[in-house]
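In listed order, ligands and their atoms are each counted from 1. Sequential numbering from 1 along the given sequence is applied to the chain's residues.
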Amino acid sequence: MSSVNPIQIPSRLPLLLTHEGVLLPGSTMRTSVDSARNLQLVRSRLLKGTSLQSTILGVIPNTPDPPSDAQDLPPLHRIGTAALAVQVVGSNWPKPHYTLLITGLCRFQIVQVLKEKPYPVAEVEQLDRLEEFPSASDSREGLGELSEQFYKYAVQLVEMLDMSVPAVAKLRRLLDSLPREALPDILTSIIRTSNKEKLQILDAVSLEERFKMTIPLLVRQIEGLKLLQKTRKHKQDDDKRVVAIRPVRRITHIPGTLEDEDEKEDNDDIVMLEKKIQTSSMPEQAHRVCVKEIRRLKKMPQSMPEYALTRNYLELMVELPWNKSTTDRLDIRAARILLDNDHYAMEKLKKRVLEYLAVRQLRHNLKGPILCFVGPPGVGKTSVGRSVAKTLGREFHRIALGGVCDQSDIRGHRRTYVGSMPGRIINGLKTVGVNNPVFLLDEVDKLGKSLQGDPAAALLEVLDPEQNHNFTDHYLNVAFDLSQVLFIATANTTATIPPALLDRMEIIQVPGYTQEEKIEIAHRHLIPKQLEQHGLTPQQIQIPQITTLDIITRYTREAGVRSLDRRLGAICRAVAVKVAEGQHKEAKLDHSDMTEGEGCREHILEDAKPESVDDTTDLALPPEMPILIDFHALKDILGPPMYDMEWAAGAF
Ligand SMILES: Nc1ncnc2c1ncn2[C@@H]1O[C@H](COP(=O)(O)OP(=O)(O)OP(=O)(O)O)[C@@H](O)[C@H]1O
C-alpha cells in the first residue's frame, strides 16, 4: 500500500457553517455563502489572506448560520471537516453572495469556540491521522478483513459502470493507488447517499465503524445498478454523480426496448459513418482527420456535448463533394440562344458573358477575372448568373452577402466555438453536392465590417485563383479546393466595394431599361412566368400592352422590372381568385358594363372586341372568355395610381 503524506491542520480554524450537503475528506463540493458570519469569513479570511494556511477552513455540517451576526451561534455539529478553499466566485445578484469550491482534508472535532464574531473561530483537534493508517499487510485482523471486503465491493461497483467515461476509469485506478482507509469517505461521496448517511459516515471516527457503515451503502448501490440494468429504466439524474452510475454499455443489452433500439441505431450510424469515410474520395489530409475524429467519437459517451459536435463534423466531411463534379457541356451557340431566350435586351452583358464563356471553353480552365455585374436592382443580374449556370450545365447557388459583417460568415467558426458551423462557401458546396457549381455572390457592395473581422478580406482568399485551391474553412480545418467553382458577383454600385476586391473583378455595367424594353420584357418573360406560377392560362387573362405601360408609368418608378413583376403578380392573384370562384364570367359581364358606362379608351375596347359580348345571359358567353385587364380593372386591383403619368400613355 502506498505511503501517505501526513496532513497536519492548524489547531485554530475559522468555521464555515453549512446546512446543505456534507463535505467528506477526499471529496469536493460547492457551497453557497450568503449569511452574515460566513460572508465575513470569506471577505476577511479567504479574500484578504495570502498564505496557504488562510485558505484552510473548518466546515461544520448540519448547522445553519443565522442570517444576521446579532443572533447567537446555533449549537455546532460536533465533528467537522477541515477543508481547502480552492475557488471563490462572487456575485451581487440577486443579493451579495459567494460560491466556494472546497475540498475536504480530514475530520476534526471542536474543542472550544474561541470567538463568535465577526466569524466563529475554534480550537480544534484533528481526528484523522492518515499516516497512522495500518497498511494492508500489517493491519489488524478484523480491519484487514473488513477493508478487503469493502475493496471487493468497491471494485465490483466501479466495474459495473461505464469504463469509457474518464472519471470512472480514473476512479478504478484510484481504488488501487489510494490507501484503503481513505476509500469509505471517497466512495460515500460518489455513490447515491442521503445527507443523513453522509453525516453518519462523518461522525464515524473509528475506521472499523466507518467500513462497517459504508459496506451496506455499497451493496445497496450495487443492487440498485443490477436492478437498473434489468429494467433498463435508466433515468437521467440531475446529481453530478450520474456519470458514475451509468451502467456499462456492453452488459446492458436488453433487446426490444426503445432505448436499446436508439443506441443500436446510433452504433449503426457510426459504423455507416466509418464506412463512408473509408469509401469517400476525400484528400489524404482530410481522411486522416476524419479517421482520428471517428476514433475519438467511438470512445465518447453519447451524452457528452462533444459527441454531437464531432458527429456533425464528420457527417459534413463525408457529405462534402471533394471529388464530385458535373461535366461542363458548353456550346457557345446554344449558350447564345439560351441567353437570348431567357433575357430580352441587355446586349452588352450577354455579349461579354458569351466572350467569357468562349475563352473558358478554349482554355479549358476557369482562371481569370471574376465577373461582377453592376446595376440597379431588378435589371436581371441574378437571373443572368442563373442562365450562365444553365448554359454550362452546372449547379447554381446564390450567396447573399448583404449585411454580412463577420468574417466567420465566409470562413466559418472554429469548432471550439459554441454553436460553430461552417461558412457560407462550404455550406453552399454541401447544398449543391458538387465541387464545380456557379456561385453567385449577391450584393458584394453591401458587405460590412465589424470587430469580428472583415468579410471582404476572407472573400479575397475565396476569389483569388492563386489561393483558392487551398481554401481553409475554420470549421473544417482542412483545405478544400475551390478552383473549380465559377464565381460571379453582383452589386448595385462599385463605390462601396472594397478596392482590393474590386481589383480582382471585371465590372460589367448593367444599365436600367427603357419603357419599351420593359414592356417587351413583361410580355415575353414576366407575364408568362406569372401565369404559370398562378396556374392561369393565356385564355383566362388578357393584359394589353397599354395596361403594361400604365403599370410601368403609373404604378412603378424603377430602373429594373422587379416592381413591375410584383404588380403583375398581384393582378394574376386577383384573377386567380375570380377564376377559382368560377365567377370570371360574371366578372367579365360586370366589367363590360363598367367599361361601356365609363367610356373606356378605344384601344382597350378593340383589344376586347373579339371576345366582346352583347348578350347578358351566361349561356351566351363563350366558355373560355379571358378577363381583360384594362385601366379600370387595374385601379380595382392595385388601387389608385401612385404616379400620374397620363401623358406617358398618350405618348405611347
Ligand atoms: N432582360 C430581362 N429579360 C427577362 N427577364 C428579366 C430581364 N431583366 C430582369 N428580368 C427578370 O426580373 C426579375 C428580377 O431580376 P433579378 O432578380 O435578376 O434582378 P437583380 O438585378 O439581380 O436585382 P438585385 O440587384 O435586387 O438582386 C427576374 O425575375 C428576372 O427574370
Side-chain angles (χ1 to χ4, degrees), residues 335-354 356 370-392 394-404 424 428 437-448 459 486-497 501-502 505-534 536 543 545 548-549 551-552 555-573:
R336 186 194 300 274
I337 294 170
L338 209 135
L339 276 176
D340 281 340
N341 278 350
D342 282 357
H343 299 93
Y344 180 76
M346 1 169 73
E347 296 311 330
K348 198 176 140 210
L349 174 67
K350 286 194 280 194
K351 187 167 160 259
R352 181 64 193 94
V353 168
L354 283 175
Y356 181 83
I370 310 291
L371 292 185
C372 177
F373 305 148
V374 179
V379 290
K381 303 181 295 290
T382 312
S383 129
V384 170
R386 196 171 271 122
S387 290
V388 170
K390 209 154 98 185
T391 50
L392 286 171
R394 289 189 174 205
E395 293 294 330
F396 175 81
H397 185 74
R398 174 173 167 266
I399 300 180
L401 295 175
V404 167
R424 293 186 188 209
V438 173
F439 270 171
L440 187 95
L441 305 172
D442 219 358
E443 315 205 317
V444 271
D445 56 328
K446 308 218 174 37
L447 277 176
L459 259 194
L486 173 59
F487 290 101
I488 296 178
T490 78
N492 291 137
T493 165
T494 49
T496 48
I497 303 180
L501 208 54
L502 199 59
M505 301 192 292
E506 179 182 333
I507 304 297
I508 302 177
Q509 294 288 348
V510 191
Y513 297 116
T514 61
Q515 280 181 8
E516 288 73 19
E517 282 173 339
K518 284 186 191 176
I519 292 175
E520 282 304 321
I521 292 172
H523 284 266
R524 288 176 193 225
H525 300 281
L526 306 183
I527 295 177
K529 227 188 303 175
Q530 288 293 352
L531 291 189
E532 199 193 321
Q533 275 173 19
H534 291 84
L536 294 170
I543 307 177
Q545 290 208 343
T548 317
L549 182 67
I551 305 174
I552 293 167
Y555 287 89
T556 64
R557 189 152 287 181
E558 57 173 354
V561 290
R562 178 147 315 132
S563 294
L564 172 62
D565 197 28
R566 258 202 308 273
R567 306 280 172 201
L568 290 169
I571 292 168
C572 289
R573 274 198 300 279

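Looking only at distances, a side-chain donor or acceptor of H534 sits under 3.5 Å from a matching main-chain atom of Q530. For E558 (side chain) and R562 (main-chain N/O), a donor-acceptor pair under 3.5 Å exists by modelled atom type. The main-chain N or O of E443 is found under 3.5 Å from a side-chain atom of T490 such that the two form a donor-acceptor pair. The closest donor-acceptor contact from the side chain of R336 to the backbone of K350 lies at 3.5 Å or more, if one exists at all. Judged by distance alone, with hydrogens and angles left aside, the side-chain atoms of E532 form no donor-acceptor pair with the main-chain N or O of K529 at under 3.5 Å.
Counting only non-hydrogen atoms, the option in H525, K529, K381, Q530 that gets closest to atom 28 (C) of ligand 1 is K529. Scanning L526, L440, V510 for the heavy atom closest to atom 11 (C) of ligand 1 points to L526.
Close approach of ligand 1 to D342 (heavy-atom distance below 4.0 Å) involves ligand atoms 3 (N), 4 (C). The contact set between ligand 1 and M346, taken as ligand atoms under 4.0 Å from a residue heavy atom, comprises 1 (N). For ligand 1, the atoms sitting less than 4.0 Å from at least one non-hydrogen atom of S383 are 18 (O), 30 (C), 31 (O), numbered in the order shown with element in parentheses. The contact set between ligand 1 and G378, taken as ligand atoms under 4.0 Å from a residue heavy atom, comprises 9 (C), 19 (O), 20 (P), 21 (O), 23 (O), 24 (P), 26 (O). The atoms of ligand 1 that sit less than 4.0 Å from any heavy atom of V561 are 9 (C), 10 (N), 11 (C), 12 (O). Heavy-atom proximity to N492, at under 4.0 Å, picks out these atoms of ligand 1: 25 (O).
The shortest contact between atom 3 (N) of ligand 1 and any protein heavy atom is with Y344 N, 3.1 Å. Protein heavy atom at the shortest distance from atom 6 (C) of ligand 1 is I521 CG2, 3.9 Å. Scanning the protein for heavy atoms near atom 27 (O) of ligand 1, the closest one is T382 OG1, 3.5 Å. From the protein, the heavy atom lying nearest to atom 17 (O) of ligand 1 is R562 NH2, 2.7 Å.
E506 CD: more than 12 foreign heavy atoms inside a 6.0 Å radius.
Considering both main-chain and side-chain atoms, Y513 comes within under 3.5 Å of ligand 1 through a nitrogen or oxygen pair. Residue V379 has at least one nitrogen or oxygen atom sitting less than 3.5 Å from a nitrogen or oxygen atom of ligand 1, judged on distance alone. Looking at ligand 1, you won't find any N or O of E443 less than 3.5 Å from one of its N or O atoms.
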Check residues 374-385 and write down every donor-acceptor pair under 3.5 Å in which the side-chain atom is one partner and the other belongs to a residue at least two apart or another chain.
| unit_1 | atom_1 | unit_2 | atom_2 | d |
| --- | --- | --- | --- | --- |
| K381 | NZ | G375 | O | 3.1 |
| K381 | NZ | P376 | O | 2.8 |
| S383 | OG | H343 | NE2 | 2.4 |

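Here the rule is side chain to side chain contact (heavy atoms under 4.5 Å, CB included) with L447, and of T496, V404, I497, L441 only V404 fits it.
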Do L440 and I399 pass the side chain to side chain contact (heavy atoms under 4.5 Å, CB included) test, and can you show the C-alpha distance, the side-chain angles, and the key distance before you say yes or no? CA-CA 6 Å; L440 187 95; I399 300 180; over 6 Å; no

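Using a 4.0 Å cut-off between a side-chain N of Lys or Arg and a carboxylate O of Asp or Glu, K390 and D342 qualify as a salt bridge.
For F373, the heavy-atom gap to ligand 1 stays at 4.0 angstrom or more.
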